[in-house]
Visitor: 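Quick one: the structure is below, and I'll ask about it shortly.
The analysis underlying the following values was restricted to heavy atoms, covering all of them including side chains, and did not include hydrogens, waters or symmetry mates. Only a predicted model underlies this, so the values are computations on that prediction, with no experimental measurement involved.
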Amino acid sequence: MNTTTHYQSLFAPLEVELGPLGKTAATGIVGFSAGGPVSIVQAGEHGYVTCELSVYQEQVRSTEGENYELFCRMPLTESQAQTLLTGLGSLSMEVELGHAHTVDVAALNAAPGLSVVALRHFSSVVNEGRRFGVYEVTAT
């Protein structure tokens with residue numbers, strides 16, 4: 001799979017709503033697959049979207065049958081968003097998540113007062129015969 005084409009297609013609906021995504025990804029010295037933080041790019045003024053989860057074969061498909069990326073536009077710093085999205089990204093490798101699921105994220109200490117988030121199916125695409133999606137993470 002050509003990852004450039006994959007992400008252009010997958011993120012097109014997000015860019016229609018929020019404008020162009022950031023050009024550089026925030027990544028860790030240790031990669032996500034080795035236990036480090038998930039890579040994210042800025043999406044809009046206060047948003048961030050993961051940019052590696054959907055290509056991992058280990059990711060459990062969502063209840064909608066998709067491999068996916070996670071997006072949040074809560075007023076979080078980049079560091080807080082990366083902590084939150086890394087925790088949820090790790091969870092996506094272990095359990096089936098999907099639209100309207102809620103997750104207790106209090107233990108992540110991502111941001112003061114953020115204890116439970118919900119997932120909202122944002123968009124879907126089909127690339128090379130496989131379904132992919134983006135889920136928005138919202139505070140409940």
Visitor: Can you tell if the side chain of L14 reaches within under 4.5 Å of the side chain of S123, non-hydrogen atoms only?
Guide: no
Visitor: Less than 4.5 Å apart, side chain to side chain, heavy atoms only: is that true for R130 and H6?
Guide: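 With C-beta onward as the side chain, the pair stays apart.
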Visitor: Of all heavy-atom pairs between Y56 and N67, which one has the smallest distance, and what is that distance?
Guide: O-ND2, 3.8 Å
Visitor: Can you see whether T63 engages E96 through a side-chain donor-acceptor pair at a distance of less than 3.5 angstrom?
Guide: no
Visitor: Between T5 and N127, does the side chain to side chain contact (heavy atoms under 4.5 Å, CB included) criterion hold? Intermediate values first, please.
Guide: CA-CA 9 Å; T5 303; N127 289 335; over 6 Å; no
Visitor: Are the side chain of Y7 and the backbone N or O of E52 linked by a donor-acceptor pair below 3.5 Å?
Guide: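 A pair under 3.5 Å: yes.
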Visitor: To the nearest 0.5 Å, how far apart are SG in C51 and CZ in F32?
Guide: 11.5 Å
Visitor: Do F71 and L18 touch side chain to side chain, with heavy atoms closer than 4.5 Å?
Guide: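 A side-chain contact under 4.5 Å exists here.
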Visitor: As an exercise, state the distance from CD of E58 to CD of E94, rounded to the nearest 0.5 Å.
Guide: 12.0 Å
Visitor: Taking all atoms of both residues into account, what is the closest heavy-atom pair of G36 and T86, and its distance?
Guide: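 Heavy atoms of G36 and T86 come nearest at O-CG2, 3.9 Å.
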Visitor: Please report the shortest heavy-atom distance between T27 and S39, naming the atom on each side.
Guide: CG2-OG, 2.8 Å
Visitor: How long is the straight-line distance from CD of E17 back to CZ of R73, given to the nearest 0.5 Å?
Guide: 4.5 Å
Visitor: Is any side-chain heavy atom of V60 closer than 4.5 Å to one of V95?
Guide: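 No, every pair of side-chain atoms sits at 4.5 Å or beyond.
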Visitor: Between atom CG of N109 and atom CD of Q80, what is the distance when rounded to the nearest 0.5 Å?
Guide: 11.0 Å
Visitor: Hydrophobic clusters here meaning ILVMFWY residues chained together by side-chain heavy-atom distances under 4.5 Å, can you tell me if V116 and L114 are in one?
Guide: no
Visitor: Give, for atom OG1 of T83 and atom CD of E78, the distance between the pair rounded to the nearest 0.5 Å.
Guide: 10.5 Å
Visitor: Hey, is CD on E45 packed in by over 12 heavy atoms from elsewhere, all under 6.0 Å?
Guide: no
Visitor: Begin with the C-alpha distance, continue with both residues' side-chain angles, and end with the deciding distance and a verdict on side chain to side chain contact (heavy atoms under 4.5 Å, CB included) for L21 and Q42.
Guide: CA-CA 6 Å; L21 300 182; Q42 190 159 3; over 6 Å; no
Visitor: Could you go through L119 and L70, starting from their C-alpha distance and side-chain angles, then the distance that decides it, and tell me whether this counts as side chain to side chain contact (heavy atoms under 4.5 Å, CB included)?
Guide: CA-CA 9 Å; L119 298 181; L70 299 165; 4.2 Å; yes
Visitor: Mind checking whether Y135 and Y68 have parallel, tilted or perpendicular rings, split at 30° and 60°?
Guide: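 The rings of Y135 and Y68 stand perpendicular, inter-plane angle above 60°.
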Visitor: Going hydrophobic residue to hydrophobic residue with side-chain gaps under 4.5 angstrom, can you get from V103 over to L76?
Guide: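 Both belong to a single hydrophobic cluster.
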Visitor: Looking only at non-hydrogen atoms, find the nearest pair between L10 and S54 and report the distance.
Guide: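 That would be CD2-OG, 3.8 Å.
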Visitor: Taking the side chain as every heavy atom from C-beta outward, state whether E69 and F11 have any pair of such atoms under 4.5 Å apart.
Guide: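 Yes, close enough: below the 4.5 Å cut-off.
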Visitor: Looking only at heavy atoms, what is the nearest atom pair of C72 and L85, with distance?
Guide: SG-CD1, 4.2 Å
Visitor: Using side-chain heavy atoms (C-beta onward) and a distance below 4.5 Å, is M74 in contact with V137?
Guide: yes
Visitor: Apply side chain to side chain contact (heavy atoms under 4.5 Å, CB included) to S62 and H121, showing your working.
Guide: CA-CA 10 Å; S62 70; H121 189 258; 5.8 Å; no
Visitor: Any non-hydrogen side-chain atom of F132 less than 4.5 Å from a side-chain atom of E66?
Guide: no
Visitor: Establish whether Y48 and V105 are linked, either directly or via other cluster members, by ILVMFWY side-chain heavy-atom contacts under 4.5 Å.
Guide: yes
Visitor: Same cluster for L91 and V49 if Ile/Leu/Val/Met/Phe/Trp/Tyr side chains link at under 4.5 Å?
Guide: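 Hydrophobic grouping puts L91 apart from V49.
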Visitor: So which atom in Q82 and which in V38 form the shortest heavy-atom distance, rounded to 0.1 Å?
Guide: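 Result for this residue pair: NE2-O, 2.9 Å.
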Visitor: From L88 CG over to M93 CE, what is the distance, rounded to the nearest 0.5 angstrom?
Guide: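 Spacing of CG (L88) from CE (M93) equals 11.5 Å.
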Visitor: Within the 4.5 Å heavy-atom criterion, are V134 and P13 side-chain neighbours or not?
Guide: no
